[in-house]
Amino acid sequence: MSLSDEARQKIQEIAARYPRRISATIPALYVAQAEYGGWLPKEAMVEVAEELDVPPSHVFGVATFYTLFYKEPVGKHVVQLCTNLACMLCGAETLQQHLERKFNIKINGSIRDGTTADGTFTVLPVECLAACGGAPCMIVDTEYYENLTIEKVDKILTQIATQPTVFFKP
Amino acid sequence: MPTYEDFKSQRIVHKYIDVPGIDEIDVYMQHEGFEGFKKALTMKPEDIIAEVKASGLRGRGGAGFSTGMKWELMQKNVEPRYVVGNDDEGEPCTFKDRELSEKLPHQIVEGIMIASYALGAHKAFIYVRGEFVKGYNQIWKAIRQCYEKGLLGKNILGSGFDLDVVAHPGAGAYICGEETALLSSLEGGRGYPKMRPPFPGQVGGGLYRQPSVVQNVETLSNLPAILRYGAAWYARIGVPPANTGTRIYSVSGHVQKPGNYELPLSITLGELIEVAGGLRPGRKLKAVIPGGASMPWFTEQHLNVVMSFDDITKAGSLAGSGSVIVMDDTTCVVKAALRLVEFYKHESCGWCTPCREGLDWLVKILHRIEHGEGREGDLELLADMGDNISGQGTLVGTFGTHRTFCLLGPSGVSPMRSSMNLFREEYEYHIKHKKCMVNG
Ligand SMILES: Cc1cc2nc3c(=O)[nH]c(=O)nc-3n(C[C@H](O)[C@H](O)[C@H](O)COP(=O)(O)O)c2cc1C
Ligand code: SF4
Ligand code: FES
């Protein structure tokens with residue numbers, strides 16, 4: 001697989017926004033991640049480097065610094081479950097335990113441990129999502145869901161399971 | 001008992017937040033939108049800087065530095081120069097900037113337009129946290145609509161002033177909220193903080209080593225009203241002369257109506273908790289973190305503290321990002337502190353040893369105390385290690401005492417040190433009885 005012409009064009013368009021093209025590294029990685037089904041294999045990073053005319057090592061360095069770039073395959077939908085203080089005070093642990101049991105996964109930050117057997121979801125514990133007014137909360141793909149309860153989470157995930165993935169496209 | 005209704009008429013940044021469609025430029029313009037910027041275009045840049053300084057506006061991102069003074073200090077006569085909006089909101093339990101991005105994106109853009117005109121910048125960036133997909137799209141929508149109306153681009157409204165604004169996504173790294181790490185990230189690299197001096201406003205310290213000003217997006221959102229109504233009007237609100245205006249307090253945790261409340265800086269902690277619905281029935285207040293997770297904790301003794309920058313400092317904490325985390329008597333403080341220190345450990349950029357290794361050790365020890373495996377001497381060990389990260393007994397934010405490259409490391413010590421100072425007996429109980437004093 002390789003980046004589509006459309007994705008390459010998008011990267012060029014983004015790069016032109018900046019005084020220096022290297023500044024487009026993060027947005028370009030998002031474009032590539034969406035093309036590659038939600039994660040960044042090495043060849044995707046090499047292609048980004050080519051498009052931006054920067055060393056591949058620079059792109060690897062950036063991709064490995066930021067948590068929203070996934071370096072191994074993820075499930076169809078990534079669930080980011082907030083476990084920071086406000087959500088913890090409002091019951092995030094109960095949700096975490098519920099999802100671990102329901103899907104027979106471990107929500108410990110490892111993509112492999114957090115991915116359901118059928119590959120529909122990867123659930124990751126994340127730090128404060130800036131939605132603490134609606135704690136506990138989560139992001140599925142790119143959408144926020146707040147004031148969660150076990151029932152609400154079950155309903156949301158059942159609905160989303162059959163829907164196509166929504167990727168962030170800068 | 002005060003309610004939010006009593007204060008709503010005093011809102012500045014959230015004045016029009018409830019207006020349907022306010023995130024569209026036409027509606028925004030029907031509600032004083034871009035009047036502040038248009039006023040700015042009739043003024044000399046140095047007069048705008050003087051006006052902003054006279055308003056008393058201080059940064060809403062964390063440090064509370066005078067915005068006008070920061071603008072005065074920016075190195076002059078060097079081109080190009082940049083203004084950067086900080087919308088990376090990652091301080092645990094702070095959630096005001098996400099709401100501003102989603103609901104009032106034009107106001108952020110208008111703020112950065114005013115700042116850019118005053119500072120002579122022709123290119124500005126808004127660094128939006130990667131998770132804020134909706135906020136990012138809303139800010140881009142606002143930017144595009146401004147171009148369509150001739151409010152951005154070349155020769156804006158015939159004034160001869162040119163400006164381009166670009167929204168830039170982050171990708172999940174708390175450290176990128178720190179202004180120099182943010183600049184590293186915007187330059188396309190890993191989010192490592194930069195050495196100071198030179199400061200961002202000086203040659204060598206800013207974006208692409210050019211003079212730059214980084215401003216929190218709530219700070220920027222105050223500028224349109226300051227320009228519209230003048231510094232004297234703004235400077236009467238809050239606790240003049242040094243703590244003026246309103247701020248958006250993000251209240252979370254054990255209150256009945258958590259949320260964002262824009263209130264004058266003269267509000268007390270007790271009133272703020274009431275405005276947020278008060279505690280749940282039958283519960284007692286245990287602890288409050290008044291300025292984001294990095295700040296020293298308060299207890300019910302502090303309910304009369306005025307939530308201004310200087311009053312919070314006087315009472316022994318810091319106003320930080322304006323978030324207020326409320327914990328009632330069902331909370332295990334060891335667990336709460338552990339969760340926060342884990343956060344800082346996770347977000348350490350790894351650049352310097354005391355932070356990268358020290359926070360990891362704090363977590364290990366706190367973890368064993370929390371899980372009934374604490375040892376005698378652990379509390380002394382924690383205190384000693386804390387001193388080796390943040391300097392002996394100092395508050396976060398006291399530049400010059402900490403032993404790390406930036407303030408993330410010391411921020412990670414604060415929850416442990418502060419909770420241990422206030423609730424030492426709970427830590428001791430955990431170690432002695434191998435269980436929690438609150439939850440068994
Ligand atoms: C570890 C760390 C994280 C920070 N995170 C943020 C942030 O998410 N948003 C923000 O506006 N400021 C943050 N700051 C403060 C910025 O460094 C900077 O002071 C601020 O953006 C300046 O804008 P202001 O004067 O308008 O507040 C952080 C500081 C530190 C040390
Ligand atoms: S204190 Fe921590 S976050 Fe800051 S530079 Fe050092 S390692 Fe990085
Ligand atoms: S603690 Fe969960 S969104 Fe802030």
Side-chain angles (χ1 to χ4, degrees), chain A residues 14-30 33 52 54 58-59 61-70 80 82-90 92-93 109 124-135 137 139 141-144 146-147 166-170, chain B residues 80 82 89-99 123 125 129-134 136 140 164 166-174 176 185-192 207-208 250-254 258-260 289 293 323 325-328 330-331 335-336 339-340 343 346-347 349 415:
Chain A
I14 293 171
R17 293 173 187 163
Y18 300 91
R20 298 186 191 171
R21 295 164 55 80
I22 194 170
S23 279
T25 308
I26 287 181
L29 282 169
Y30 278 119
Q33 182 158 278
L52 294 177
V54 299
H58 164 78
V59 179
V62 171
T64 49
F65 187 84
Y66 297 94
T67 54
L68 291 176
F69 296 128
Y70 303 114
Q80 301 184 59
C82 178
T83 58
N84 209 303
L85 185 57
C87 287
M88 182 185 104
L89 294 173
C90 297
E93 282 166 309
L124 298 169
V126 297
E127 298 299 358
C128 179
L129 292 171
C132 337
C137 65
I139 294 178
D141 293 349
T142 60
E143 194 72 36
Y144 274 77
E146 304 183 26
N147 297 306
V166 180
F167 292 113
F168 171 39
K169 293 187 180 160
Chain B
Y82 300 103
E89 186 166 60
E91 180 74 13
C93 306
T94 311
F95 46 97
K96 62 195 176 64
D97 298 337
R98 183 170 78 93
E99 185 178 44
K123 186 114 196 169
F125 296 90
R129 185 174 164 178
E131 287 86 345
F132 295 179
V133 174
K134 181 170 179 201
Y136 176 85
W140 264 118
D164 288 308
V166 171
H168 177 90
Y174 166 67
C176 292
S185 180
L186 190 47
E187 287 166 355
R190 297 168 75 105
Y192 291 130
L207 184 62
Y208 311 119
S250 299
V251 189
S252 67
H254 291 146
N260 284 322
I289 317 182
S323 76
I325 309 163
V326 179
M327 294 177 260
D328 70 20
T330 61
T331 313
K335 188 171 170 183
R339 193 61 274 279
L340 290 180
F343 162 79
H346 183 247
E347 298 298 334
C349 82

Answer with side chain, backbone, both or neither: which region of [X] has an atom nearer than 4.5 Å to a non-hydrogen atom of chain A?
| X | answer |
| --- | --- |
| R190(B) | both |
| E347(B) | side chain |
| F125(B) | side chain |
| T94(B) | backbone |
| K335(B) | both |
| L207(B) | neither |
| L340(B) | side chain |

Can you find a pair of side-chain heavy atoms, one from [X] and one from [Y], that are under 4.5 Å apart?
| X | Y | answer |
| --- | --- | --- |
| C128(A) | F343(B) | no |
| E91(B) | Y174(B) | yes |
| L85(A) | P92(B) | no |

Could you tell me whether H168(B) and Y18(A) have their ring centroids closer than 6.0 angstrom?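 Judged by ring-centre distance (under 6.0 Å), H168(B) and Y18(A) do meet the cut-off.
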
Taking the six-membered ring for Trp, are Y30(A) and F167(A) closer than 6.0 Å centroid to centroid?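 Not close enough - the centres of the two rings lie 6.0 Å or further apart.
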
Quick one: which of [options] has the most heavy-atom pairs under 4.5 Å with chain A, could you say?
| options | value |
| --- | --- |
| S252(B), C93(B), C349(B) | C93(B) |
| G191(B), G170(B), P80(B) | G191(B) |
| C176(B), A293(B), P169(B), G253(B) | P169(B) |
| G259(B), G189(B), A173(B) | G189(B) |
| A171(B), P258(B), G172(B) | A171(B) |

Contacting region of [X] [heavy-atom separation from chain B under 4.5 Å]:
| X | result |
| --- | --- |
| Q33(A) | neither |
| A131(A) | both |
| E143(A) | neither |
| I139(A) | side chain |

So R98(B) and E146(A), salt bridge (Lys or Arg N to Asp or Glu O under 4.0 Å) or not? Walk me through it. CA-CA 14 Å; R98(B) 183 170 78 93; E146(A) 304 183 26; 2.6 Å; yes

When rounded to the nearest 0.5 angstrom, what distance separates OG1 in T25(A) from CG in L52(A)?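 Output value for this atom pair is 5.5 Å.
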
Does the plane of the ring in F132(B) sit parallel, tilted or perpendicular to the ring in Y144(A)? Use 30° and 60° as the thresholds.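 The arrangement is tilted - the two ring planes meet at 30° to 60°.
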
With a 3.5 Å cut-off and no angle check, do the side chains of S185(B) and Y192(B) form a donor-acceptor pair?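 Side-chain D/A pair, S185(B) to Y192(B): absent.
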
Would R339(B) and T83(A) count as having a side-chain donor-acceptor pair, cut-off 3.5 Å?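 Indeed, the side chains of R339(B) and T83(A) share at least one donor-acceptor pair under 3.5 Å.
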
